[in-house]
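Note on naming: letters A, B, ... go to the chains in the order of the sequence lines (proteins, then strands), and numbering restarts at 1 for each one. The shown structure was predicted, so the numbers you read here are calculated from the model rather than taken from an experiment.
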Number of protein chains: 2
Amino acid sequence: MDHQIQLTERKKVLLSTIIKDYINNVEPLGSRTICKRHGFDVSPATIRNEMAELEEAGLLYQPHTSAGRIPSDQGYRFFVNHLMAPYVPTPEEHQFLSRLQQTSKAVDAILSHSIRILSKATHSIVVAEAPTLRQTPVKGLHMTPIDDTSMVLTLTYSNGIQRQSLINLAQPVYSDMLSMLTNYLNAHLGHTLLDELFHKMATFPLEREIQYYKNAVLDMVSEIYSHVQREEKIYLSGTSHLLKEPEFQTTEKAYPILQFLEHDTFVRQLLQSVAFNAPPESEVYCVIGNENSYHELQDCSLIATRYYIDSKASGMIGVIGPTRIDYPKVMSLVQSVAGSLTQVLTKLFT
Amino acid sequence: MDHQIQLTERKKVLLSTIIKDYINNVEPLGSRTICKRHGFDVSPATIRNEMAELEEAGLLYQPHTSAGRIPSDQGYRFFVNHLMAPYVPTPEEHQFLSRLQQTSKAVDAILSHSIRILSKATHSIVVAEAPTLRQTPVKGLHMTPIDDTSMVLTLTYSNGIQRQSLINLAQPVYSDMLSMLTNYLNAHLGHTLLDELFHKMATFPLEREIQYYKNAVLDMVSEIYSHVQREEKIYLSGTSHLLKEPEFQTTEKAYPILQFLEHDTFVRQLLQSVAFNAPPESEVYCVIGNENSYHELQDCSLIATRYYIDSKASGMIGVIGPTRIDYPKVMSLVQSVAGSLTQVLTKLFT
DNA sequence: TTTTAGCACTCTCTTCATGAAAGTGCCAAT
DNA sequence: ATTGGCACTTTCATGAAGAGAGTGCTAAAA
């Protein structure tokens, strides 16, 4: 963390200036340029000394000796946590985002539309989850075998919603096994999130007489889990924006990211992992550069937040851009869009 | 067309050789290289003379004087129409494609899965339409106003299928106008495809007393049309493969194409236009390079075919790659996948 | 008549040297 | 604490030189 880093006021201004300049110009910044371009009233030499110290603190780095400085991931993190001024959307952006209000009545269309708007407003890639009940505790569950290899899973959530899904399994279902699992889970359920539920399923203590089902149960549970997950659609928009970014001009740089985005599973995991990496009180999550665990996205940042449908369901929506993405602006726009989305969807379901 | 082009046997072999080599090596071919690499028993000079004539016929061209030759769009066209040997899938491909059989029971999942398989097998971009009834004649239609700005459109197709869609309009609906339009259309319907139907709607001769509705009617019809179209989902897979192709290494080359693919409307139009450009008797359509009307896709070819759900519905599925795509192989794989898709979907609905 | 060898010419691509720009660190002076 | 000066680095653009691959044309050979 960066809480122990203490900077003088001047260092803060300097860091802030470097980051804002770099976000726009995408070129290493030297001491002379900083003085001239941003009207500092000290000499380049002073700036040099300050920058050397900022580099020592890990907030800046040089791509090579005798080049200007570039903000490091930690530098951005400090900026986002402590320096950033709130962004006020321009009138054009405001007007642009207002198009979110007049939308159709299908959730799918609303989401598609929203991510396209956000993508256009930020000139970046946008990803979103379809609304899920993953954040809502499960009150009860029921599994009914249909035939040899298929079953219906019914989940009852704490807010009263029920969800059913037809699941085809690779191997035969044993109905006694099913009912035993069901009973056990319902007895030990409490208020459990779906993910925890599956964890319970997988570690469920088999009684002696059905011990030899062990592997069958595990297979089944993991299959059900992946089935339930697969149902949650991923929305993606604006991937081609990436190719316009100076840092992704070579196809070797851009390829891994586009490749990554083609796998819904990865994107889903990424979105679901966001909340763990960031302080829970924050409204808009930032995952900066290397903070995420996917090496394909090392040079990217994700700015995401959650939208809600009333208390019924929710989903993540986020923007992916280069590490030097315009944090204040994008965070503000993401929040606006998620807000409108919450509003529109909630109105739709009441 | 290329029907008048007559080539000696040797020229055919030569053209064929050049195309096949270029598909693999993506480099202009010179006379010396051809002789050495492909064991021609004539001298480079002879090859040079032959190539000069093939260039005169428009089948080859040189990127600059004193470079080797590259097949032109017409060259590929001649190859596809007259020279190409049928491709026999390798055992691995066969096995790979067989995964199409064991799929889920949702049309959406089956399509997603199929295009992913095809994309992996061809290392190219795959696009597909969701099944539509666009190829099925309409027997009757009905429009029921719901409230001021919404209506239900019911279409009855010649094979008995009915489709309803709820349509929200921007401006108020006049119910007398609706019933008038409905009556007129049903009277003059015959067996009409959906596209023709909308054409009829737009040109429908208004009676004097409602003449002043004219614009309202046109607006409404175009809105309904775009709504009906929008319902037809576009599937897309493997876009990142493009960045691996030598001809799209620079982002300026790759960007317009990825940009194009992000617009469902364009892709839909592209797929719908395929059948017009190619002879109707062919099973697999090829649109080579400039033959398509989208300048973004000038350097690409599209290889597409139609899959069917029984006699109920159908859709296009196709592969997009660089102009020097491996026509025999991809045509064969596209056909296989479309075949399996037809089989799986048809089984599902009977 | 067709094929081939020879030759002059063209165009691209790589390599290398060179110099300009922009930057740094450090030291001594302010 | 700040600054000017200076030696030193590193990248980048430019141009020259030479290798490599190819062509067209002509005249001789088959």
Side-chain angles (χ1 to χ4, degrees), chain A residues 6-15 17-19 21-22 24-72 75 246-247 249-250 253, chain B residues 6-15 17-19 21-22 24-72 75 246-247 249-250 253:
Chain A
Q6 294 293 332
L7 296 185
T8 64
E9 198 52 39
R10 195 171 61 184
K11 282 211 183 68
K12 286 184 187 172
V13 173
L14 182 58
L15 179 59
T17 307
I18 294 175
I19 290 182
D21 186 298
Y22 187 71
N24 289 319
N25 301 107
V26 207
E27 267 169 11
L29 255 104
S31 50
R32 195 194 321 266
T33 320
I34 292 177
C35 279
K36 255 195 296 184
R37 192 179 297 163
H38 300 284
F40 275 68
D41 50 356
V42 289
S43 77
T46 312
I47 303 282
R48 272 207 287 285
N49 293 331
E50 296 277 80
M51 287 208 292
E53 287 172 50
L54 284 173
E55 179 162 4
E56 217 165 321
L59 302 171
L60 299 177
Y61 73 95
Q62 296 175 271
H64 54 265
T65 7
S66 89
R69 256 83 171 195
I70 291 178
S72 68
E247 43 271 86
Q249 281 301 306
T250 71
K253 284 285 180 190
Chain B
Q6 293 295 332
L7 297 184
T8 62
E9 198 52 38
R10 195 171 62 185
K11 283 210 182 65
K12 287 184 186 171
V13 173
L14 181 59
L15 178 59
T17 305
I18 293 175
I19 290 182
D21 187 298
Y22 186 72
N24 289 318
N25 301 108
V26 205
E27 268 170 9
L29 256 104
S31 49
R32 194 193 322 267
T33 319
I34 292 176
C35 280
K36 256 196 293 183
R37 194 180 294 164
H38 300 284
F40 275 67
D41 50 356
V42 289
S43 78
T46 312
I47 303 281
R48 273 206 287 285
N49 293 332
E50 297 276 82
M51 288 206 293
E53 287 172 49
L54 285 173
E55 179 162 5
E56 216 164 322
L59 302 171
L60 299 177
Y61 73 94
Q62 294 175 273
H64 54 266
T65 8
S66 90
R69 256 83 172 196
I70 291 179
S72 67
E247 41 271 86
Q249 281 302 306
T250 72
K253 284 284 180 188

On DNA chain C, compare the nucleotides closest to B:His64 and B:Thr46; which residue's is nearer the 5' end?
B:Thr46
Set of residues satisfying side-chain contact (heavy atoms from CB on, under 4.5 Å) with respect to B:Lys11, sequence neighbours excluded
B:Leu7, B:Thr8, B:Glu50, B:Glu53, B:Leu54
Taking side chain to side chain donor-acceptor pair (under 3.5 Å) as the definition, give me every residue that meets it alongside A:Gln249, ordered by chain and number, with sequence neighbours left out.
B:Thr251
Using side chain to side chain donor-acceptor pair (under 3.5 Å) as the criterion, list what pairs up with A:Glu55, not counting sequence neighbours.
A:Arg69
So if I define the base as every atom that isn't primed, P, OP1 or OP2, how would nucleotides 21-30 of chain D read as a B/S/- string at a heavy-atom cutoff under 4.0 Å?
-BBB------
Minimal heavy-atom distance between B:Tyr22 and B:Pro28, with the atoms involved, is CE1-N, 4.1 Å
Could you state the atom-to-atom distance from CG of A:Asp41 to C1' of D:dT2 in whole Å?
12 Å
For A:Leu15 versus A:Gly75, what's the shortest heavy-atom pair and its separation?
CD2-O, 4.4 Å
Short side-chain to backbone donor-acceptor contact, A:Ser72 and A:Leu59, under 3.5 Å
yes
Range on DNA chain C touched by chain A, heavy atoms, distance below 4.0 Å:
C:dG23 to C:dC26
Just jot down the side-chain contact (heavy atoms from CB on, under 4.5 Å) partners of B:Ser43, sequence neighbours excluded, or say none.
B:Ala45, B:Thr46
Starting from the C-alpha separation in whole Å, work towards a yes-or-no answer on side chain to side chain contact (heavy atoms under 4.5 Å, CB included) for B:Leu29 and B:Ile70.
CA-CA 7 Å; B:Leu29 256 104; B:Ile70 291 179; over 6 Å; no
